[in-house]
Amino acid sequence: MRVSAERHVLILGGTTEARRLAAELAADPALRVTSSLAGRVAAPRLPAGQVRIGGFGGPEGLARWLREQHVAALIDATHPFAGTISFNAARAAAAVGVPLLALRRPGWVAGPDDDWHDVASLDDAARALSGMGERVFLTTGRMGLGAFAHLKDKWFLVRSVDAPEPPMPPRTEVLLDRGPFTLDGERALLHRYAIDVLVTKDSGAAATSAKLTAARESRIPVVVIRRPPSPENVPETPDVAGAVRWLRETLG
């Protein structure tokens, strides 16, 4: 895409979609593209264009940054479970008058052979495990493991990009790995660790969906944590192509 003069676009990123969007937009010399990363991963995959790492200081701090940096458009391409920044973005964009789009990947949909148990939170997921298996594959990330720390009768395999910190379940093995994950790899992992229940967030996307297929094949129940609510009255698109179209229409 081309616009009439250089415009500053801020992408709230950290996801695969955010990196793809940054790469496409940064190729246009008429755009100045900045990606903002929360800084929760020690060695993040850096997107094309300019990058800033760290928080803004709430919606007021983000609004101030939008004004000072003369941002023409804001795209929230954060993880579906990064709810706080999405609400901060909505408040800041409204305060400054900057157009805002949410790039939200579609959630996963259970098939007829899936044994999914929807819950609203990590705490609810921990309670749901009381009637399920003894060897748990926990793929909710390194944050929030304290919700499962009291479950002394179960064994946990925790997979995350960076090492988690206490509190966590007493019987825990940590597997440091980063997606995308293959179906063959997930099948082998479930077999090797004798997993009999999976806990995951409804993150969506294909990069981490192979575990769901492997669980279905092995008839393993899956506890799925539903996404938190998102801001109302913010336009959304499910893919990068839709974000590019919105930006073209918005900037003219």
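Side chains are part of it too, since the values below use all heavy atoms of this structure and drop only hydrogens, waters and symmetry mates. In what follows, residues are counted from 1 in the order of the sequence shown.
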Ring-face cation of Arg178 near Phe181 (centre distance under 6.0 Å, axis angle within 45°)
no
Yes or no on side chain to side chain contact (heavy atoms under 4.5 Å, CB included) for Phe148 and Thr172, after CA distance, side-chain angles and deciding distance?
CA-CA 10 Å; Phe148 304 89; Thr172 296; over 6 Å; no
Value for OG (Ser86) from CZ (Arg104), rounded to nearest 0.5 Å, stands at 4.0 Å
I'd like to check Pro164 versus Val174 (side-chain heavy atoms, cut-off strictly below 4.5 Å). Are they in contact?
yes
Would you say NE2 of His191 has more than 12 non-hydrogen atoms from neighbouring residues, nucleotides or ligands within 6.0 angstrom?
no
Phe56 reachable from Val9 in the ILVMFWY side-chain graph, under 4.5 Å edges:
no
Honestly curious: do Leu145 and Val199 fall in one hydrophobic cluster under the side-chain, below-4.5 Å linking rule?
yes
Decide if atom CZ of Arg192 counts as having more than 12 heavy atoms of other residues, nucleotides or ligands within a radius under 6.0 Å.
yes
Just so I know, are the side chains of Glu236 and Leu101 near enough to count as touching, which here means a heavy-atom distance under 4.5 Å?
no
Straight-line distance of His117 NE2 to Asp124 CG, nearest 0.5 Å:
14.0 Å
Step-by-step side chain to side chain contact (heavy atoms under 4.5 Å, CB included) determination, Val223 to Thr200
CA-CA 6 Å; Val223 178; Thr200 189; over 6 Å; no
Close side-chain approach of Thr34 to Trp65, heavy-atom, < 4.5 Å
yes
Hydrogens and angles aside, do Thr78 and Asp76 bring a side-chain donor and acceptor to less than 3.5 Å of each other?
yes
Name of the residue among Arg7, His70, His8 meeting side chain to side chain contact (heavy atoms under 4.5 Å, CB included) with Arg32
His8
I'd like to check Glu217 versus Thr213 (side-chain heavy atoms, cut-off strictly below 4.5 Å). Are they in contact?
yes
Output for pair (Leu138 CG, Ser160 OG), nearest 0.5 Å, gives 9.5 Å
Short N-O contact, Glu186 and Arg159, less than 4.0 angstrom
yes
In short, Ala93 meets Leu74 closest at the heavy-atom pair CB-CD2, 4.3 Å
May I ask you to decide whether Arg216 forms a salt bridge with Asp114, counting only side-chain N to carboxylate O separations under 4.0 Å?
yes
Cluster check Leu37, Leu66: I/L/V/M/F/W/Y, side chain < 4.5 angstrom:
no
Measuring only between side-chain heavy atoms, which start at C-beta, is Arg105 closer than 4.5 Å to Thr15?
yes
Shortest non-hydrogen contact from Ala48 to Ala22?
O-CB, 3.7 Å
Verify side chain to side chain contact (heavy atoms under 4.5 Å, CB included) between Thr139 and Lys211, making sure each step is shown before the conclusion.
CA-CA 10 Å; Thr139 64; Lys211 61 191 173 190; 3.0 Å; yes
Indicate yes or no: at least one non-hydrogen side-chain atom of Gln69 is less than 4.5 angstrom from one of Gln50.
no
Let me see the working for Arg52 and Ser35 under side chain to side chain contact (heavy atoms under 4.5 Å, CB included), right down to the final yes or no.
CA-CA 6 Å; Arg52 71 174 302 280; Ser35 294; over 6 Å; no
For Gly179 against Arg45, the heavy-atom pair lying closest together:
O-NH2, 3.1 Å
For Ala72 and Pro99, the nearest pair of non-hydrogen atoms, with its separation, is O-CD, 3.3 Å
Remaining members of hydrophobic cluster (4.5 Å side-chain criterion), Leu157
Trp108, Trp116, Phe137, Trp155, Leu175, Leu189, Leu190, Tyr193, Ile195, Leu198, Leu212, Ile220, Val222, Val224
Without swapping roles, check the side chain of Asp123 against the backbone of Ala147 for a donor-acceptor pair under 3.5 Å.
no
Is it possible for you to say whether Val119 and Phe81 belong to one hydrophobic cluster, with membership spreading through side-chain heavy-atom contacts below 4.5 Å?
yes
Mind running salt bridge (charged side-chain N to carboxylate O under 4.0 Å, His left out) on Glu165 and Arg142 for me, showing each step along the way?
CA-CA 7 Å; Glu165 297 179 357; Arg142 66 185 181 92; 5.1 Å; no
Any idea which heavy atoms bring Ala149 and Pro170 closest together, and the distance?
O-CD, 3.4 Å
Under a 4.5 Å cut-off applied to non-hydrogen side-chain atoms, are Leu10 and Leu62 in contact?
yes
Should Lys154 and Arg135 count as side-chain neighbours, where that means a heavy-atom distance under 4.5 Å?
no
With no hydrogens and no angle check, is any side-chain donor or acceptor of Arg227 less than 3.5 Å from a backbone partner on Ser203?
yes
Going through the checks in order, is the salt bridge (charged side-chain N to carboxylate O under 4.0 Å, His left out) test met by Arg91 and Glu60?
CA-CA 8 Å; Arg91 291 177 58 187; Glu60 295 80 9; 3.7 Å; yes
Using the rule that two of Ile, Leu, Val, Met, Phe, Trp, Tyr join whenever any of their side-chain heavy atoms come within less than 4.5 Å, decide whether Phe87 and Val98 are in one cluster.
no
Of Ile75, Asp239, Leu247, Val33, the one forming a side chain to side chain contact (heavy atoms under 4.5 Å, CB included) with Leu21 is Ile75
If you take all heavy atoms of Pro231 and Ala90, which pair is closest and at what distance?
CB-CB, 3.8 Å
